Amino acid sequence: MDIKAHLAALFRTALAGVSPEAADAEVLIERPRDPTHGDFACNLALQLAKRLKKNPRQLAQQLAGALPADARIASIEIAGAGFINIRLAPGALQGAVARVLAQGAAYGRARAAQPQQVMVEFVSANPTGPLHVGHGRQAALGDALAALLEAQGHAVTREFYFNDAGAQIQNLALSVQARAAGVAPQDAGWPADGYRGEYIEEIARNFAAAGGKAGDLEAVRQFAVAALRKEQDADLQAFGVAFDVYYLESSLYTDGRVESAVKALVASGKTYERDGALWLRTTEYGDDKDRVVRKSDGSYTYFVPDVAYHLTKWERGFRKVVNVQGTDHHSTVTRVRAGLQALGLGIPSGYPDYVLHNLVKVVRGGEEVKISKRAGSYVTLRDLIDWVGRDAVRFFLVSRRADADFVFDVDLARSRSDENPVYYVQYAHARVCSVFSQWGGDAGGLAAAPLDSLHGPRESALLQRLAEFPELLATAAHELAPHSIAFYLRELAGEFHSYYNAERILVDDEAARTARLALCAAVRQVLANGLALLGVSAPERM
RNA sequence: GCGCCCGUAGCUCAGCGGAUCAGAGUAUUGGCCUCCGAAGCCAAGGGUCGUGGGUUCGAAUCCCGCCGGGCGCGCCA
């Protein structure tokens, strides 16, 4: 058991002795920011003072007195309004190193109490153009989230929903057809909502070169979709993201799921006819207005395949589903959930989960970059990877809260200096590797090394940091917040760099040297484990 | 107009189930390589946490109003 859970258990025992009537209170053990306050703190007395009508400091005193004796606790003191500060015995934290070294790449992972089949759906770009930076943010977030949930013991499926059935595909085909016929966006005959990027012309050229006839719109459509899908796949591969399933929207029509979804909605009794259209009472499920299911011309709105699609997720056995989308789609959240509710199948009202991310602004040379030559109107993921490299793009895009606005500073991500957080973390990893190659010994034997000498303040900080990694991952997974991994890695790397600068690792004294090497090996392992979750490499040299 | 999200140091952002939460990076300034990688470390200055109320012994954190910014409000997808 890690030390924090252990302390919490001790406090629960103390609480049961002091105030059995409050035994249900939640015991929170925190790490004070200020190390002079000790290694851990508990604010239980402050929490309960009012409820028990007692003076917080007195209560703290009683709790501290009732704490079972424990060899790992060096001192207890009451501070401030009623905090109980705990200082650990020097050896208490050293177990973290052995745990890290014993578990290796598995350190930080958990065995879920109830393993679930989990789906993360992300990117899901329309096949009408190259992936843009927003897709990049989704890819970075979604893939990290999927890895995080896997690390919690779940069986995760990464899925890409492929919108290959809508009107936008028709526009794509018409655009390519126009280009193939020599019509440019500024010309009179250009389709009304045509795609204007240079990639359209490129596809048209390749289509012609392959012997395609511009008059055959269906042939144009198939060729264009295949070309763009291939390009998106190449971009995702370059980004290090792989999907388990590509789900085709068109298949929902061909296998009758769209039709059966409509029937199910009608059968539920939540629909009505008005103005020649079929409506669903989504307002009964929190929507601000009812939604059209079947238009007066007999065709369905996009809402129907959306419901049909999410129903397949449920039917395929995914009881936890996370959709990663841009906030520009947030209005679909209520609608999709409402549609699933209306089916009357007992699907929970909060199904599926959503992680909505704000849009990305790209800045270069102090100015916003808006136009990509290639795509015509947006900066592509490929542009970004070409400019700054895959590791930097992934680290940057995943290192902010999803709902925060994001300014991607190209110059910062490009810099190979101390300005760059990616290199900062990777450098810490490479530095440890460098120490090990200098040493030349066998790291395998370090797991059993005696660690008594690791009790300096910097060493204690590192030990605590290593020890909290599993809990950090659990919290990040629960909150669907992979950005906290990036922040954790930055802190761990920082503490390592401080330690490295203050203390020599390869000292003459063998016991001390071995202990320090073991600590370094553990740091390296956790850095590598964290970076792996983010899809960022952990280089041995840079 | 309505709904959702955001407003924290010059800049980019953490913290937001209240207390030991005024933080990090960067930028600026000053130090540290005859010694394991200076892509590093140490130190200093810099913020009434958009604003006004409320709840509380205690609010960046919870509630309400307002201001500023983003997104969404189609029988488009």
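Owing to the predicted nature of the structure, the values given are computational and were not obtained by experimental measurement. The chains referred to below are lettered A, B, ... by the order of the sequence lines, with proteins before strands, and numbering in each begins at 1.
- Residues A:Ser453 and A:Glu459 come closest through the heavy atom pair O-OE1, 3.7 Å.
- Residue A:Tyr427 is in base contact, counting any heavy-atom pair closer than 4.0 Å across all strands shown.
- The main-chain N or O of A:Thr283 is found under 3.5 Å from a side-chain atom of A:Asp290 such that the two form a donor-acceptor pair.
- The pair A:Asp288-A:Arg291 counts as a salt bridge, with a side-chain nitrogen and a carboxylate oxygen less than 4.0 angstrom apart.
- Using a 3.5 Å distance cut-off with no hydrogens or angles, the side chains of A:Tyr423 and A:Asp391 do not pair a donor with an acceptor.
- A:Tyr285 is linked by a ring-ring contact (aromatic ring centres under 6.0 Å, His included) to nothing, counting only residues two or more places apart in sequence or in another chain.
- A:Asn163 and A:Gln168 form no side-chain donor-acceptor contact under 3.5 Å, judged by distance and modelled atom types alone.
- When rounded to the nearest whole Å, the span between CG of A:Leu397 and P of B:rU12 equals 17 Å.
- Between B:rG1 and B:rA19, the two P atoms lie 36 Å apart (nearest whole Å).
- Using atom C1' as the reference point in both B:rG18 and B:rC75, the two lie 49 Å apart (nearest Å).
- Distance, A:Arg400 CZ to B:rG15 P: 12 Å, rounded to whole Å.
- Taking atom P in both B:rC2 and B:rU8, one finds a spacing of 25 Å when rounded to whole Å.
- In this structure, CZ of A:Phe83 is placed 15 Å from P of B:rG58, rounded to the nearest angstrom.
- For A:Asn43 against B:rU20, no side-chain N or O and base N or O form a donor-acceptor pair under 3.5 Å.
- Counted by atom type alone, A:Gln58 and A:Gln62 present zero donor-acceptor pairs between their side chains at under 3.5 Å.
- At least one cation-pi condition fails for A:Arg294 and A:Tyr300: the charged atom is not both under 6.0 angstrom from the six-membered ring centre and inside a 45 degree cone around its axis.
- Comparing the P positions of B:rC63 and B:rG3 gives a spacing of 15 Å, expressed to the nearest Å.
- Separating the P atom of B:rG23 from that of B:rC16 is a span of 15 Å, rounded to the nearest Å.
- A:Tyr500 has no side-chain polar atom (N or O) that falls below the 4.0 Å cut-off from OP1 or OP2 of B:rC32.
- Near RNA chain B, meaning a heavy atom under 4.0 Å from it, residues 434-444 of chain A has A:Ser434, A:Val435, A:Gln438 in order of number.
- Looking at A:Tyr354 and A:Arg337, their side chains come closer than 4.5 Å, going by heavy atoms from C-beta outward.
- The two residues A:Ala522 and A:Leu101 have their closest heavy-atom pair at N-CD2, 3.8 Å.
- Residues from residues 502-518 of chain A that place a heavy atom under 4.0 Å from any atom of RNA chain B, listed by number: A:Glu503, A:Arg504, A:Ile505, A:Leu506.
- Distances shorter than 4.0 Å separate some side-chain N or O of A:Arg401 from OP1 or OP2 on B:rC6.
- B:rU28 and B:rC73: their C1' atoms are spaced 46 Å apart (whole Å).
- Across every non-hydrogen atom of A:Leu397 and A:Val133, the tightest pair is CD1-O, 4.5 Å.
- One P atom belongs to B:rG47, the other to B:rA24, and the distance between them is 14 Å to the nearest Å.
- The aromatic rings of A:Tyr309 and A:Tyr161 sit parallel to each other, their planes meeting at less than 30°, with 60° as the upper class boundary.
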Practice prompt. Assess whether side-chain contact (heavy atoms from CB on, under 4.5 Å) is satisfied between A:Phe160 and A:Tyr247, documenting all intermediate values.
Written response: CA-CA 6 Å; A:Phe160 186 124; A:Tyr247 202 100; over 6 Å; no
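- Ring pair A:Trp439/A:Phe436 is perpendicular by interplanar angle, where above 60° counts as perpendicular and below 30° as parallel.
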Worksheet item: How does protein contact run along nucleotides 68-77 of chain B, one letter per nucleotide 5' to 3', with B for base contact, S for sugar-phosphate only, - for none, heavy atoms under 4.0 Å?
Response: ---BSSSBSB
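- Distance CD (A:Gln426) to P (B:rG37): 18 Å, rounded to an integer number of Å.
- Atom NE2 of A:His357 is separated from atom C1' of B:rC6 by 15 Å (rounded to the nearest Å).
- When the C1' atom is used for both B:rA9 and B:rA27, the distance is 11 Å, rounded to whole Å.
- Using a 4.0 Å cut-off, no side-chain N or O of A:His429 falls inside it from OP1 or OP2 of B:rG37.
- Aromatic ring centres of A:Tyr427 and A:His497 lie closer together than 6.0 Å.
- Atom NZ of A:Lys361 is separated from atom P of B:rC5 by 22 Å (rounded to the nearest Å).
- Toward the 5' end of RNA chain B, the nearer of the two residues A:Glu479 and A:Ala430, judged by each one's closest nucleotide, is A:Glu479.
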What does the list of N/O pairs under 3.5 Å between the protein and nucleotides 42-45 of chain B look like, with a distance for each?
from, atom 1, to, atom 2, distance (Å)
B:rC42, OP1, A:Ser498, OG, 2.8

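- The nearest pair of heavy atoms linking A:Arg465 to A:Leu492 is CG-CD1, 3.7 Å.
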Worksheet entry | RNA chain B base-pair string [pairs: Watson-Crick or G-U under 3.5 Å; |: paired with another strand] | (((((((..((((.........)))).(((((.......))))).....(((((.......))))))))))))....
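- Side-chain contact annotation: A:Asp193 with A:Asn171, donor-acceptor N/O pair under 3.5 Å absent.
- For A:Asp403, whose side chain is taken as the heavy atoms from C-beta onward, the closest listed nucleotide among B:rA14, B:rG40, B:rC6 is B:rC6.
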Item to complete: Might you work through the side-chain contact (heavy atoms from CB on, under 4.5 Å) test for A:Tyr246 and A:Glu159, ending with a clear yes or no?
Response: CA-CA 6 Å; A:Tyr246 285 84; A:Glu159 185 154 309; over 6 Å; no
